[in-house]
Number of protein chains: 2
Amino acid sequence: MRTLSSFINGSWQTGTGRTSTLYSAVTGEPIAETSTAGLDLDGALNYARTTGGPNLRALSFTERGALLSAMSKSLRNHRDELIGLAADNMGATRGDAKFDIDGASGTLAYYAYLAKSLGDRNWLLDGEQVQVSRSKRFVGQHILTPRRGVAIHINAFNFPAWNMAEKAACALLAGVPVFEKPGTATSLVAWRIGQLWVEQAGLPDGAFSLLCGSVGQLLDHAQSQDCIVFTGSGDTAAKIKTHPNVISQNVPVNVEADSLNGAVLGPDIEPGSDTFHMFLTEVARELTQKAGQKCTAIRRILIPEALLEATLEGLGERLDQHVVGDPTDRKTTVGALSTPAQKRDVAAGIAALEASGARRVWGDPSAVPAAGYFVAPQVFLTNDGADAAFVHDHEVFGPVATVLPYDGTVAEAAKIIARGGGGLVTSVFSNDRNWAGPLLLELAPWHGRLMWGSAKVHDQGTGHGAVMPSLLHGGPGRAGGGAELGGERGLHFYLQRTAIQGDSALLKRVFGTAE
Amino acid sequence: MRTLSSFINGSWQTGTGRTSTLYSAVTGEPIAETSTAGLDLDGALNYARTTGGPNLRALSFTERGALLSAMSKSLRNHRDELIGLAADNMGATRGDAKFDIDGASGTLAYYAYLAKSLGDRNWLLDGEQVQVSRSKRFVGQHILTPRRGVAIHINAFNFPAWNMAEKAACALLAGVPVFEKPGTATSLVAWRIGQLWVEQAGLPDGAFSLLCGSVGQLLDHAQSQDCIVFTGSGDTAAKIKTHPNVISQNVPVNVEADSLNGAVLGPDIEPGSDTFHMFLTEVARELTQKAGQKCTAIRRILIPEALLEATLEGLGERLDQHVVGDPTDRKTTVGALSTPAQKRDVAAGIAALEASGARRVWGDPSAVPAAGYFVAPQVFLTNDGADAAFVHDHEVFGPVATVLPYDGTVAEAAKIIARGGGGLVTSVFSNDRNWAGPLLLELAPWHGRLMWGSAKVHDQGTGHGAVMPSLLHGGPGRAGGGAELGGERGLHFYLQRTAIQGDSALLKRVFGTAE
């Protein structure tokens, strides 16, 4: 059994005392243990702030971009090793693991490329000089400078590579040292990636720390120039946001939490058409990929009543092709859930879904291996629309989604989707811009991302569930109210915006000008 | 004695039961009372959401700008009446009242003008279409749409006009209805302004509500698409941010709280020079204007040791010209504090400042009228630099500031200012860009705004304490971590950013393109 360590204060350290155990998702056998007990977390944060901060801020955007490039390369060079760890620790199929790992290396590469456009400064100009009085000489210039603290990243179990990499890319490029706390249960992958970055990416001292195991009293030591980015459950998010020290220090918290993402089939879509097949492809993929353990997975499927029968039939045909089982078997398309706790939660969720009146319209719950944490994909249906309280309030975080027939109108679709209280992403499938346009505008305030599937892009989309680094990731309300990525926007949470007033000529000499 | 009412659910209503009493700051006599007990706050918020929201969203930016223009005009037309109310209720001199009221009408006029550049749409494009895959046809476009809730504005006692107007300008222009809760003790001015807007600005039904008195259980009824903007103490901010319903609904909260703003005199500034006089003018104004009750007022004055004697002498000469007394007397330059609680707090703050070792170097505490809530301007001095804990941790919210001699280096000035834990604004006075430039970059992550005073703009600045609508207002850490104003940036808190992916041609047809 491996013992995972943490990289803090510039060295790999192992906690003492209470340990957390990591299990194989396939066999249920213990595979590793880790502990953070006894580690000097206050000192570790301070090391990142006082050593990593100045080291990173001394680099230009171009130089920071080169670090991201090396981090990306280290993942590509160890891709097969990481895929193997993901299969064992997480029950991930080869495709699932690639989705996570390639997402990580791709996002790092994207930000390495973006860095080139930000130039050789180490702060950003935000807009042009603005006149603030009758005088043309006395003006204001907004700039963005890196926060002087550490970026505390607390990540979820389901994307140990991508979650860690996308947050690290934005923080490091902004010039803020990263203190990474991966989800403990699947931290084998994150731990190995941390090793690769420390050994191969040329990161300056203190720029990257990794805490494997319990978060302990970490947040007691956060300071006002630090920031916290969290991906995980709404319950844990609430604890972080109300933590007494986080509140008293006004530490900014960016949250990506629960989301009951939707897919809406437009009434104009003919069964058998390209857009119809695009819809089926997206829904089937979102149900099965990573065994449904994606924050962006489709949980609510809106189908016009007139198209219900044909759509359920088409969806069933797609899903019939899937095979649940050992993720290392090449025939397998649906792996295991990552942890025993997830399997228990999903089983309880399915029971509650059935108790709420939803009925299973596809899937055989019993068709799974006995060992490990497998759950069979299942599709439910309810005719309760916006009144289906459980469906709109509880995310069953596994290969489970619910069909909600609706009357085909924009108003009804918008009402049902909005009932989810804010989400990461909803997809709309229609070739009628006079129907889809108004629906997208109705849905926009409830979402961080919307995908519009239509005939001419039926085979060109990047997928409902794939988070693109150039586009915003995060959503309002239940989804946590956060914002990550979106190109340069992803850096802004790590930067302080400041308006500087003064003599126009002097400001130009010191800060430069926007071209 | 007047009874103030609240404008909710489309009509003026008066609470029953427990009342709050407003006093004259000059005589200490009661002048008005108000109550919110028994008002249907849940219904009132819902009226704003369901009536005001659709009414505002149906308007284009241009049309919303016309509303702001009418709101601005109503203040200008009743300027003298409002000045009279401010003198009585707040102890404000004519100059103090004009600063507040003209700030309000000016900010509304600024956003009315900005509206013209936003066009006849009712959403905003955020950047251009971005390619997200190899396909040029499948792209992403970020848009900004108004949140579907109500903007709950909880304001401070010290700027009843400006505070209300600047928040209202941004929310209404964004398309979000305003639910205004002014500081109760000085709500006479806010109440009258509310009447003017309701009667004269042509606001659509539900777009503006005004709650005069206790906030009651208002936050129990906030929903996820609402937002809260608060100006006031850090203690109250913490209560709002941790309110169980605010947390469970993930209601976004934007805070502007305490700030120990600074002024730094550069070692290159000759006593008697233009920049030296600019420094004295700013420090003296910030100490006396509104009797120091400004969130932007200078609390910490950094003077190079070599310039200390000459600077204290020059500052004393400026301050000797000020007269404390009846704000309606034209000779008066320093009015009263606004409330008995403020007078008590400031007296306790001065006692603690003295107990901490700071000594008074200018001012006569006894030279004030016996009635009302007057406090004489006072300047203290400590040689403890960054170790002067009380000076850096406690804002004495009155005509009180502390001089901190320093060694004239960038490093020492930056260290002392940063010890305040984040502020709204600090001013730096220097003609040496090789000294001021690095200091401004050191100070930037700790501030929302910096003012750089220098020779060629010595008579052109808009003032350290004046908040300009085109520039960011808000600061990190102790200052609350919020952001208001800054031109179009001021609308963003009220808008949801959404990435929309799809067919480039269809997206252009529905959403248009950035020019």
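Order of the sequence lines fixes the chain letters, A, B, ..., with proteins taken first and strands second; residue numbering starts at 1 for each chain.
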Engaged part of A/Thr462 at the chain B interface, taking heavy atoms whose separation is under 4.5 Å:
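For A/Thr462, the contact with chain B is made by backbone and side chain together.
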Name the region of A/Pro438, side chain, backbone, both or neither, that has any atom closer than 4.5 Å to a heavy atom of chain B.
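A/Pro438 has no heavy atom closer than 4.5 Å to chain B.
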Among the listed options [options], the residue most often paired with chain B at heavy-atom distances under 4.5 Å:
{"options": "A/Met451, A/Arg433, A/Met468, A/His447", "result": "A/Arg433"}
{"options": "A/Thr145, A/Ile143, A/Leu440", "result": "A/Thr145"}
{"options": "A/Ala436, A/Gly477, A/Ala483, A/Gly502", "result": "A/Gly477"}
{"options": "A/Ala444, A/Gly140, A/Ser135", "result": "A/Ala444"}
{"options": "A/Gly481, A/Gly437, A/Ser224, A/Gly448", "result": "A/Gly448"}

Side chains of [X] and [Y] only: does a donor on one sit below 3.5 Å from an acceptor on the other?
{"X": "A/Ser427", "Y": "A/His464", "value": "yes"}
{"X": "B/Ser430", "Y": "B/Asp268", "value": "yes"}
{"X": "B/Asn431", "Y": "B/Thr275", "value": "yes"}

Under 4.5 Å from any heavy atom of chain A, what part of [X] do you find: side chain, backbone, both or neither?
{"X": "B/Gln131", "result": "backbone"}
{"X": "B/Gln496", "result": "side chain"}
{"X": "B/Asp126", "result": "both"}
{"X": "B/Tyr110", "result": "neither"}
{"X": "B/Glu442", "result": "both"}
{"X": "B/Thr242", "result": "both"}
{"X": "B/Arg489", "result": "side chain"}
{"X": "B/Val130", "result": "side chain"}
{"X": "B/Leu441", "result": "both"}
{"X": "B/Gln460", "result": "both"}

Any chance you could measure [X], atom [atom1], to [Y], atom [atom2], to the nearest 0.5 Å?
{"X": "A/Leu495", "Y": "A/Leu124", "atom1": "CG", "atom2": "CG", "result": "6.0 Å"}
{"X": "A/Ile247", "Y": "B/Ile240", "atom1": "CD1", "atom2": "CD1", "result": "11.0 Å"}
{"X": "B/Glu484", "Y": "B/Leu491", "atom1": "CD", "atom2": "CG", "result": "12.5 Å"}

Give a yes or no on whether a salt bridge exists between B/Lys456 and B/Asp274, defined as a side-chain N under 4.0 angstrom from a carboxylate O.
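Salt bridge: no.
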Using a strict threshold of under 4.0 Å (side-chain N to carboxylate O), is an ion pair present between A/Arg419 and A/Asp393?
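The answer is yes: the pair qualifies as a salt bridge.
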Is A/Phe138 close to A/Gln501 at the side-chain level, that is, under 4.5 Å between some pair of heavy atoms?
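SC-SC contact between A/Gln501 and A/Phe138 confirmed.
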Report yes if some heavy atom in the side chain of A/Arg148 is under 4.5 Å from a heavy atom in the side chain of A/Arg49; otherwise report no.
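Of all side-chain heavy-atom pairs linking A/Arg49 with A/Arg148, none is under 4.5 Å.
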In terms of heavy-atom pairs under 4.5 Å, which option from [options] contacts chain A the most?
{"options": "B/Gly474, B/Pro252, B/Gly480", "value": "B/Gly480"}
{"options": "B/Arg509, B/Arg57, B/Arg147", "value": "B/Arg509"}
{"options": "B/Ala238, B/Ser454, B/Pro476", "value": "B/Pro476"}
{"options": "B/Leu443, B/Val425, B/Leu472, B/Asp235", "value": "B/Leu472"}

Apply salt bridge (Lys or Arg N to Asp or Glu O under 4.0 Å) to B/Arg137 and B/Asp503, showing your working.
CA-CA 6 Å; B/Arg137 179 123 206 161; B/Asp503 180 328; 3.1 Å; yes
Mark yes or no for whether A/Ser259, through its side chain, and A/Leu424, through its backbone, hold a donor-acceptor pair below 3.5 Å.
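Such a contact is found between A/Ser259 side chain and A/Leu424 backbone.
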Give a yes or no on whether the backbone of B/Gly127 and the side-chain of B/Gln141 come within a donor-acceptor separation of less than 3.5 Å.
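Present.
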